[in-house]
Every structure is written in C-alpha cells, then in structure tokens.
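In what follows, a structure is listed as structure tokens, so that the remarks can point back to it.
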Protein chains: 2
Amino acid sequence: MRAAVRIFHEQGVEKTTLGDIARAAEVPLGNVYYYFKTKDQLVEAAVAAHCAQLDTLTAQLDTLPDPAERLRTLVAGWVDQRETAARFGCPFGTLASELDKRDDGLDRAAAQVMRALLDWVESQFAQLGRADAAALAVELVAAYQGMSVLTNTLRDPGLMAAQGERLRSWIDGVAGR
Amino acid sequence: MRAAVRIFHEQGVEKTTLGDIARAAEVPLGNVYYYFKTKDQLVEAAVAAHCAQLDTLTAQLDTLPDPAERLRTLVAGWVDQRETAARFGCPFGTLASELDKRDDGLDRAAAQVMRALLDWVESQFAQLGRADAAALAVELVAAYQGMSVLTNTLRDPGLMAAQGERLRSWIDGVAGR
DNA sequence: GTCTATAGATTGATAGAC
DNA sequence: GTCTATCAATCTATAGAC
C-alpha cells in the first residue's frame with residue numbers, strides 16, 4: 001500500500017503498472033492480486049490512504065490553540081514538502097487531477113478528500129470570525145494547488161518557498177493583526 | 001492534430017490510445033503514423049499547439065491599451081472556459097502535470113510554455129510600475145491553476161466564476177486604483 | 001499466504017495493397 | 001497519401017504449485 005501511494009505519485013496512476021508496484025514493495029506480482037483484486041481497488045485504497053493522512057494531519061493541527069497558527073503550520077508543512085512537489089507535484093492534487101480524466105467513480109472519492117480539506121480550512125477562518133470563511137478557504141487551498149503546479153512544471157522549489165511566505169503574511173492579515 | 005489536443009485534454013495523454021485519436025479525427029489508424037512517427041511526437045505537437053495558442057492570445061491582448069485591462073481580459077477568458085475546466089481541468093495545466101510524471105524531455109517543453117505565460121503576465125505588472133512584477137505573475141497564474149484544480153475536482157464551475165471576480169478586484173488593487 | 005507461469009486483451013508501431 | 005491487416009510488446013488478471 002505504501003509503495004503504491006508513492007509510485008502512483010511519482011509516475012502517475014496510468015503510467016504505473018502493477019509490476020512497478022510489486023517491485024517497489026519487493027513482493028511478487030501475484031501477491032498484489034491476493035490483497036487487491038483489481039488495479040482500481042489499489043487506486044481506491046490510495047485515495048483512502050490520502051484521506052487518512054489528512055485526518056491525522058488536521059487532528060495534529062487541532063491541538064494548536066490558535067486557528068491562525070494552525071493555518072500557518074499547515075502552510076509550513078506544504079513548504080517543507082517543496083522538493084517533492086518540484087519533482088512530482090502535490091501528492092494529492094496530481095492524483096485528483098488524474099482521476100478526473102476517468103469515467104469511473106474514483107474521482108468522486110478524491111473530491112470528498114479535497115472537500116474535507118476545504119471544510120477544515122474554512123472552519124479555521126470561521127473561528128477567526130470571518131464571514132467569508134468559505135471563499136477564503138478556496139483561496140488558500142487553490143493557492144497551494146496552483147503553486148504546486150508551477151513549482152512542479154518549472155522544477156523550482158523556491159517558488160513554493162516564496163509563495164509560502166506570502167501566504168503566511170496573508171493569513172496574518174486575514175486574521176486581523 | 002486538433003483531435004489529438006482535444007482528446008489528450010479530455011482523457012489525459014496516458015489513457016489516450018492512438019486509436020482514440022484516429023477515431024476522433026475520423027481517419028484510419030495507419031494515417032496517424034504517416035504524419036506522426038510515434039505517440040511522443042503527437043504529444044510534442046500538442047504542446048506546440050498550446051504554445052501557438054498562447055502566442056495568439058497574448059498578441060490579441062497586446063492590442064488593448066491598458067496592461068490592467070489586458071490582465072482582466074485574460075482572467076475573463078479563463079472564467080469563460082469554466083465549464084470545460086470543471087469537466088477536464090485547465091487544458092494546459094493538466095497536460096503539463098501529466099508530462100512531469102514522465103522521464104522524457106517533453107516536460108521541459110511544457111515548462112517553456114508556462115514560462116512564456118508567466119513572462120507575459122510579469123511584463124504587464126512591470127508596465128503598471130510594480131517592482132514585484134515577477135512575484136505577482138506567479139501569484140496570478142498559480143491562482144488560476146489552483147482554481148482550475150479545485151473547479152475540476154469538485155466539478156463546480158461556480159468556483160472559478162467566484163475566484164475570477166476576486167482576481168479582477170485584486171488586479172484593480174495591484175494596478176493602484 | 002507466497003510465488004511462478006501464463007492466459008487474454010490492449011496497444012504502439014509497421015508492412016504492404018491500393 | 002490512404003487504408004487494412006497484423007506483428008510484437010506490454011499489461012491486467014488468473015491458475016495452480018508450494
């Protein structure tokens with residue numbers, strides 16, 4: 001499962017063969033099919049893994065007392081991953097984009113995870129007393145997804161560092177200090 | 001060629017077979033290989049087509065007298081395409097993201113087109129007298145790419161309309177009025 | 001549960017008639 | 001230049017020994 005998530009991110013779902021995943025996980029190809037009956041089920045499990053990771057992350061952030069600090073820490077985490085983003089893009093955003101090109105229902109599962117992130121961010125802005133929390137959440141998450149695309153396409157992690165700084169200031173402004 | 005660009009956008013490069021393109025173009029499969037020796041050459045031609053379209057677009061925008069109006073018109077064009085973006089994402093951004101998962105050199109060609117867009121936008125901000133034109137260009141293009149990802153993942157063209165309105169106001173502010 | 005071997009289907013690419 | 005037929009390689013999925 002861990003190997004699948006990593007290889008899907010690095011190579012993309014469509015370009016990845018089950019042989020690639022079996023090799024990365026150091027198991028024979030046949031074993032993959034013992035736990036996942038089809039490639040689609042592996043993709044579904046990968047989406048679920050991203051969902052679980054988001055839950056873990058927001059649970060950690062929720063231990064911080066200040067909503068603005070939670071958002072700044074979220075952004076800092078994105079910036080920390082800038083080298084990976086420069087090489088392979090946002091681990092979840094690139095997966096969601098790829099699933100949207102398919103006609104099965106897996107793109108809806110990806111939408112739920114993205115929705116969960118938006119809802120959590122919106123909740124932070126709402127706690128800061130912002131009536132436009134929903135729009136601010138879209139703005140923040142879109143900024144991250146967009147700078148991931150640019151960072152990846154131009155292979156420049158510095159782009160994400162710079163935009164991260166900007167987002168930090170922006171959060172301070174929105175939080176009203 | 002037109003069929004290839006459209007099908008690559010709708011299905012993604014990896015999911016698209018040359019048979020799909022031949023069918024969309026209403027020509028036999030063999031004919032595709034008469035004009036393009038490999039699938040990679042078709043992808044390369046698709047990137048070149050996006051590059052040419054960008055040149056056409058910026059040339060049109062350059063006929064407008066005011067740099068701020070050029071940027072507003074650029075954003076308006078993106079918003080006009082929101083139904084397509086909701087279904088298939090940004091025609092160029094999704095292509096660039098997909099090419100970044102490959103190890104051939106086509107991702108560098110995509111980077112050049114993205115760079116060309118950034119340079120043109122930067123030039124507009126520079127003409128508005130902004131010393132931070134490069135950072136503003138990244139911010140604007142990233143905002144578009146990000147809202148394309150969200151619009152596509154959530155299948156909600158309204159997101160792009162709302163963010164387009166925000167960008168319009170933002171451009172007005174940056175232009176200093 | 002693990003692993004090898006292979007079936008069955010798809011696809012990129014080519015040969016060759018017209 | 002156009003079109004049909006097909007090869008060769010790859011990949012998903014399964015069968016079956018251990």
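Throughout, a chain's letter reflects where its sequence line sits, starting with A, and its residues are numbered from 1.
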Next item on the list: Figure out the CD/P separation between Gln41(B) and dG12(C), and round it to whole Å.
Entry: 15 Å
Note to self: Expressed as a whole number of angstroms, how long is the span from Lys15(A):NZ to dT11(C):P?
What the structure shows: 17 Å
Report the residues that fulfil side chain to side chain donor-acceptor pair (under 3.5 Å) with [X], sequence neighbours left out, ordered by chain and then residue number.
X         : value
Gln145(A) : none
Trp120(B) : Asp62(B)
Asp132(B) : Arg130(B)

Next item on the list: Only counting residues at least two apart or in another chain, list the ones meeting salt bridge (charged side-chain N to carboxylate O under 4.0 Å, His left out) with Glu122(A).
Entry: none
Note to self: Under 4.0 Å, counting only non-hydrogen atoms across every strand here, what does Phe36(A) touch: a base, just sugar-phosphate, or nothing?
What the structure shows: nothing
Notebook entry, point to check: Considering only heavy atoms, which members of residues 5-14 of chain A lie under 4.0 Å from some atom of DNA chain D?
Noted result: none
Next item on the list: For residues Val32(B) and Ala22(B), report the shortest heavy-atom separation together with the two atoms involved.
Entry: CG2-CB, 3.8 Å
Taking only nitrogen or oxygen atoms into account, show me every contact under 3.5 Å that the protein makes with nucleotides 13-15 of chain C, one pair per line with its distance.
residue, atom, partner, partner atom, Å
dA13(C), OP2, Lys39(B), N, 2.8
dA13(C), N7, Tyr33(B), OH, 3.4

Item checked: For Thr16(A), side-chain contact (heavy atoms from CB on, under 4.5 Å) partners two or more places apart -> Ile7(A), Phe8(A), Gln11(A), Asp20(A), Ile21(A)
Check: For Ser123(A), which residues count as a side-chain contact (heavy atoms from CB on, under 4.5 Å) partner, sequence neighbours excluded?
Finding: Gln127(A)
Item checked: Interface limits on DNA chain D, where chain A has a heavy atom under 4.0 Å of a nucleotide atom -> dC11(D) to dT14(D)
Pairs under 3.5 angstrom only: tabulate donor-acceptor contacts from the side chains of residues 92-100 of chain A to other protein residues two or more places apart or in another chain.
residue, atom, partner, partner atom, Å
Thr94(A), OG1, Cys90(A), O, 2.8
Thr94(A), OG1, Lys101(B), NZ, 3.3
Ser97(A), OG, Gly93(A), O, 3.1
Glu98(A), OE1, Val13(A), N, 2.9
Glu98(A), OE2, Val13(A), N, 2.9
Glu98(A), OE2, Glu14(A), N, 3.0
Asp100(A), OD1, Arg155(B), NH1, 2.7

Notebook entry, point to check: For residues 28-55 of chain B, which residue pairs qualify under salt bridge (Lys or Arg N to Asp or Glu O under 4.0 Å), counting only residues two or more places apart or in two chains?
Noted result: Asp40(B)-Arg102(B)
Please list, one pair per line, the donor and acceptor atoms closer than 3.5 Å that link side chains of residues 159-166 of chain B to other protein atoms, with sequence neighbours excluded.
residue, atom, partner, partner atom, Å
Gln163(B), OE1, Arg166(B), NE, 3.0
Gln163(B), OE1, Arg166(B), NH2, 3.2
Arg166(B), NH1, Glu139(A), OE2, 3.0

